[in-house]
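Everything on this sheet refers to the single structure shown next.
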Amino acid sequence: MLIGMSLLSTAYGSDVYGKMEFMEGRDQNPDGDDTGELLLFIHSADLMCFNCLEGILEFIRMLPRDIQHARVRGILVPRRSDRDRYSAASPLIQLKKIRGFIAAHQLCFRVVVDSRGIFSSFVSEGSLLVVVDASRGACTGYDFPLSRKEKQEIRSALGLSLGLCGRSVK
Amino acid sequence: MWSEVIPMGGNSRGPIENSLMRRLRIVFMAGMASLFLGLAVFCVGDKKAAEICLEEIGSVGTLDDDLLFQWVGVAVDREQKLYVTDAMDYRLKKIDIQGRLLNSVGGRGRGPGQFLAPRNLVWFDGRLYVSDQYVPGLQVFDEELRYRRRIMFQQPIVDFEVISSDRVVISSLTPNKKPALYFLDGSGEPKGSLVYNDQKVPFMQESVSFCMDRRGDFYLAFSFQNRIEKWTGDGIFLWRRHPLKKVKPVRKRIGGWEVPTEVVLKDIALDSRDRIFVLGGGYSRNRSRDIYVYDSEGKPCGNLLLPEPSHCLYIDSKNNLYARANEGITLKKYRIIETSRQIGGRRGS
């Protein structure tokens with residue numbers, strides 16, 4: 001969590017648009033346990049790529065809604081060409097588009113826009129999932145689509161395993 | 001004439017007479033020149049060149065509302081109600097003249113009334129026909145956006161037109177086949193084709209957007225070539241034009257395929273006077289903003305410039321042109337205006 005926070009602290013403020021609630025409230029986990037957090041870096045081009053999107057959505061669908069809300073944070077990284085053109089309006093345009101995306105897929109986590117491309121190197125090869133595992137003091141990055149082993153690792157880092165009906169079980 | 005009046009080589013008249021004749025000649029020549037120039041100015045000045053321009057008259061979708069997120073296809077019905085496909089939220093939307101959302105259907109999926117990547121949209125006689133990049137065929141809706149049926153077509157649809165309730169024409173990406181427009185009936189049964197190239201060509205090379213005029217002639221804009229063509233509905237080639245200058249489209253090898261890297265001509269549309277509007281792509285001087293205008297005989301009528309890049313053009317029955325703005329969250333409406341200009345600098349309308 002600390003590593004995740006330091007990564008995003010450079011982006012906090014006017015360069016990042018959208019809700020940043022998890023920056024304001026450190027104690028998202030009132031029980032104080034060390035289960036992991038997920039940072040989902042979404043390359044804007046993937047929103048219009050069927051196969052790319054399918055991998056991301058498959059991952060989201062495997063997470064219960066309460067886990068999404070509590071432990072997942074999304075960062076939309078626009079393409080360079082989108083950032084260079086119409087620079088004044090572009091972050092607001094991207095914010096609106098992600099609003100539509102969130103509504104269309106009924107996502108339960110917040111997404112912010114990295115308007116300056118601070119994290120563009122993260123998504124140079126597509127969207128990326130970073131698992132911040134405080135219990136091990138480590139960050140791990142995953143490309144999409146996730147393998148079965150990677151899904152298990154992520155569940156373990158979140159401190160949960162899925163029951164038969166897919167609801168979170170701690 | 002002058003050689004008859006003034007003898008060449010020999011001066012049989014006296015010096016005073018020659019000088020007078022010389023002056024008269026000069027005056028006469030000056031007078032003739034003035035007369036000629038005056039006529040030229042009169043004739044040229046009287047010529048009028050038609051100029052086409054766009055006047056923005058409306059827009060739908062803003063940064064703050066939740067109306068459009070990434071619109072792709074657009075169509076207008078008889079009452080000027082707008083229909084759009086939105087690729088970000090997988091919906092088909094109906095919007096009134098004031099820009100208010102009247103109805104919306106869809107959702108992500110492959111079922112009836114659902115979309116994975118809604119694309120082109122055609123309104124015809126109270127029905128809406130919608131293509132999807134990842135779902136075969138066309139879905140048909142009524143004006144209340146109720147799903148009616150599907151017209152099956154297994155190949156990816158690049159563009160399509162509706163000729164009647166029982167006839168659609170489709171352009172497709174069909175590797176290893178001669179490039180053609182395919183005619184289907186209402187159930188998707190093939191009823192013929194218009195082959196516009198006798199040779200099998202590299203994949204995507206002959207991909208076209210197209211439109212059809214009232215006589216049933218087709219105008220093709222090649223997506224990856226600097227070329228537009230006109231064909232009759234019977235398959236007779238009429239003419240070809242090259243809207244851009246000196247374009248050499250680049251191809252790239254990806255996997256086992258050699259594919260084009262940039263769209264040359266993005267879309268084509270007709271207005272009510274059968275003028276052809278062709279939207280340039282990545283090789284145009286103003287990327288995705290230049291519009292090349294021709295008459296039905298292929299004669300250039302001028303160029304237009306959109307304020308922002310667009311992925312498509314649509315012209316309704318009242319000669320309003322629709323294009324993209326704000327990277328797809330706004331739909332702009334323009335009136336096509338024709339003005340006449342006096343050649344020689346005087347302008348009029």
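Every chain is numbered from 1, with letters handed out A, B, ... down the list of sequences.
The two residues A/Arg99 and B/Phe69 come nearest to each other via the heavy atoms C-CE2, 4.3 Å. Contact between A/Gly100 and B/Asp89 at its shortest, heavy atoms only, is O-CB, 4.2 Å. In terms of heavy atoms, B/Glu327 sits closest to A/Ile93 at OE2-CD1, 3.8 Å.
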**OP:** Determine, stepwise, if the pair B/Arg108 / A/Leu57 fulfils side-chain contact (heavy atoms from CB on, under 4.5 Å).
**Re:** CA-CA 11 Å; B/Arg108 194 170 191 265; A/Leu57 293 173; 3.5 Å; yes

Subject >> Pair B/Asp65-A/Lys96, side-chain contact (heavy atoms from CB on, under 4.5 Å): steps then yes or no >> reply: CA-CA 8 Å; B/Asp65 65 25; A/Lys96 174 167 176 180; 2.6 Å; yes

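Taken to the nearest 0.5 Å, the CG atom of B/Leu63 stands 11.0 Å off from the NZ atom of A/Lys97.
Within 6.0 Å of the CD atom in A/Glu125, the count of heavy atoms belonging to other residues, nucleotides or ligands does not exceed 12. No more than 12 heavy-atom neighbours from other residues, nucleotides or ligands sit within 6.0 angstrom of CD on A/Gln106. Within a 6.0 Å radius of CZ in A/Arg148, no more than 12 heavy atoms belonging to other residues, nucleotides or ligands are found. For B/Arg335, the CZ atom is loosely surrounded, since the number of other residues' heavy atoms within 6.0 Å does not exceed 12.
Of the two parts of B/Ala87, the backbone and the side chain both hold a non-hydrogen atom closer than 4.5 Å to a non-hydrogen atom of chain A.
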